[in-house]
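Only one structure is covered here, and it is reproduced in the block below.
Below, each value reflects all heavy atoms present in this structure, side chains not excepted, and no hydrogens, waters or symmetry copies.
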Amino acid sequence: ALKRMEEGAMVGRILAELDGVLQQSGAAASALVQELANAASRGAQVMVYGVGREGLMMKALAMRLFHLGLRVSCVFDMTTPPISSHDLLLLSAGPGTFSSVEALASIARSCSARILLLTAHPSGPASFLADVVAHVPAQTMASDTASSPLSSSLLPMGSLYEGALFILFEMVILKLRDTLGVAPQDMRGRHTNLE
């Protein structure tokens, strides 16, 4: 069926799938804006982590947060500072859990840091370690099987969740930019010139 699908129809279906997820992710966007605005107001360090392609989306978010002027780092980078009770840890576990996400959340919790978890499965094991769970209802690698009721995306494996994260994060950056009163030229001024 995919071979017969016109390219335009394929694009339309993928965009419709993303739109469906994002229309249901308003609470997740609001939670992210609120947590990040609070972190910025207290001068907290924001640390981000996700595995695989989710991790790439988290790094894209970190880059934009840096452009907004927040103190941000990616967990496991050599320059990541220690986490403290003052800080915010943003984690992504689309399927509801990853062993590394649970381990990092446990460490952050032992340091009394604030934890926000992004996930498509808000009742997964990692959610019990988070202060805030941001639900992004999209197919993930865990639900990409014929027997799963969540398996309906044209996109393979976890691509719908990952693509939704990217767009959700850009929406969050726009809202956060307004909330923090950051001018677009200030964001551009923080972009690297080592390219």
Side-chain angles (χ1 to χ4, degrees), residues 21 25 27-40 42-144 157-173 175-176 190 192:
V21 172
S25 299
S30 295
L32 270 167
V33 171
Q34 186 64 55
E35 290 295 323
L36 288 164
N38 290 345
R42 67 180 182 267
Q45 177 77 23
V46 177
M47 299 175 188
V48 305
Y49 177 77
V51 303
R53 288 164 48 109
E54 290 180 38
L56 295 175
M57 299 305 106
M58 298 301 283
K59 288 180 178 183
L61 174 62
M63 182 181 185
R64 288 289 183 247
L65 293 174
F66 175 78
H67 293 155
L68 282 175
L70 276 71
R71 295 175 53 228
V72 63
S73 61
C74 298
V75 174
F76 297 131
D77 280 355
M78 290 172 50
T79 56
T80 302
I83 196 164
S84 74
S85 60
H86 195 62
D87 298 326
L88 173 63
L89 177 61
L90 301 180
L91 299 167
S92 178
T97 190
F98 290 112
S99 58
S100 56
V101 167
E102 287 187 47
L104 293 170
S106 294
I107 293 167
R109 178 148 307 288
S110 73
C111 296
S112 300
R114 191 113 175 111
I115 303 165
L116 183 144
L117 173 72
L118 292 137
T119 184
H121 298 275
S123 60
S127 66
F128 298 104
L129 296 166
D131 297 296
V132 178
V133 176
H135 184 209
V136 181
Q139 176 179 298
T140 67
M141 181 94 168
S143 56
D144 179 32
M157 299 180 277
S159 293
L160 184 59
Y161 178 79
E162 297 144 6
L165 283 186
F166 178 77
I167 298 169
L168 178 71
F169 292 162
E170 293 303 299
M171 293 166 41
V172 165
I173 292 301
K175 291 179 181 182
L176 193 58
R190 292 187 189 98
T192 185

Which distance, rounded to the nearest 0.5 Å, do you find between the [atom1] of [X] and the [atom2] of [Y]?
| X | Y | atom1 | atom2 | value |
| --- | --- | --- | --- | --- |
| Phe128 | Thr97 | CZ | OG1 | 10.5 Å |
| Leu118 | Tyr161 | CG | OH | 5.0 Å |
| Glu35 | Asp131 | CD | CG | 7.5 Å |
| His86 | Arg114 | NE2 | CZ | 13.5 Å |
| Lys59 | Tyr49 | NZ | OH | 9.5 Å |
| Arg71 | Leu88 | CZ | CG | 12.0 Å |

Donor-acceptor pair, side chain of [X] and main chain of [Y], under 3.5 angstrom:
| X | Y | value |
| --- | --- | --- |
| Arg53 | Ser159 | no |
| Arg109 | Leu129 | yes |
| Ser25 | Val136 | no |

Taking all atoms of both residues into account, what is the closest heavy-atom pair of [X] and [Y], and its distance?
| X | Y | value |
| --- | --- | --- |
| Thr140 | Ala120 | CG2-CB, 3.6 Å |
| Pro82 | Met47 | O-CE, 3.6 Å |
| Lys175 | Val33 | CB-CG2, 3.8 Å |
| Thr119 | Gly94 | OG1-O, 3.2 Å |
| Ala29 | Leu168 | CB-CD1, 3.7 Å |
| Cys74 | Ala62 | SG-CB, 3.8 Å |

Residue from Val75, Ile115, Ile83 passing side chain to side chain contact (heavy atoms under 4.5 Å, CB included) with Leu104: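 For Leu104, the side chain to side chain contact (heavy atoms under 4.5 Å, CB included) test succeeds with only one of Val75, Ile115, Ile83, which is Val75.
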
Name of the residue among Leu65, Leu61, Leu116 meeting side chain to side chain contact (heavy atoms under 4.5 Å, CB included) with Val46: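 Only match with Val46 under side chain to side chain contact (heavy atoms under 4.5 Å, CB included): Leu65.
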
How about [X] and [Y]: do any of their side-chain heavy atoms sit closer than 4.5 Å?
| X | Y | value |
| --- | --- | --- |
| Val132 | Leu32 | no |
| Thr192 | Phe66 | no |
| Met57 | Ser92 | no |
| Asp87 | Leu89 | no |
| Pro95 | Glu54 | yes |

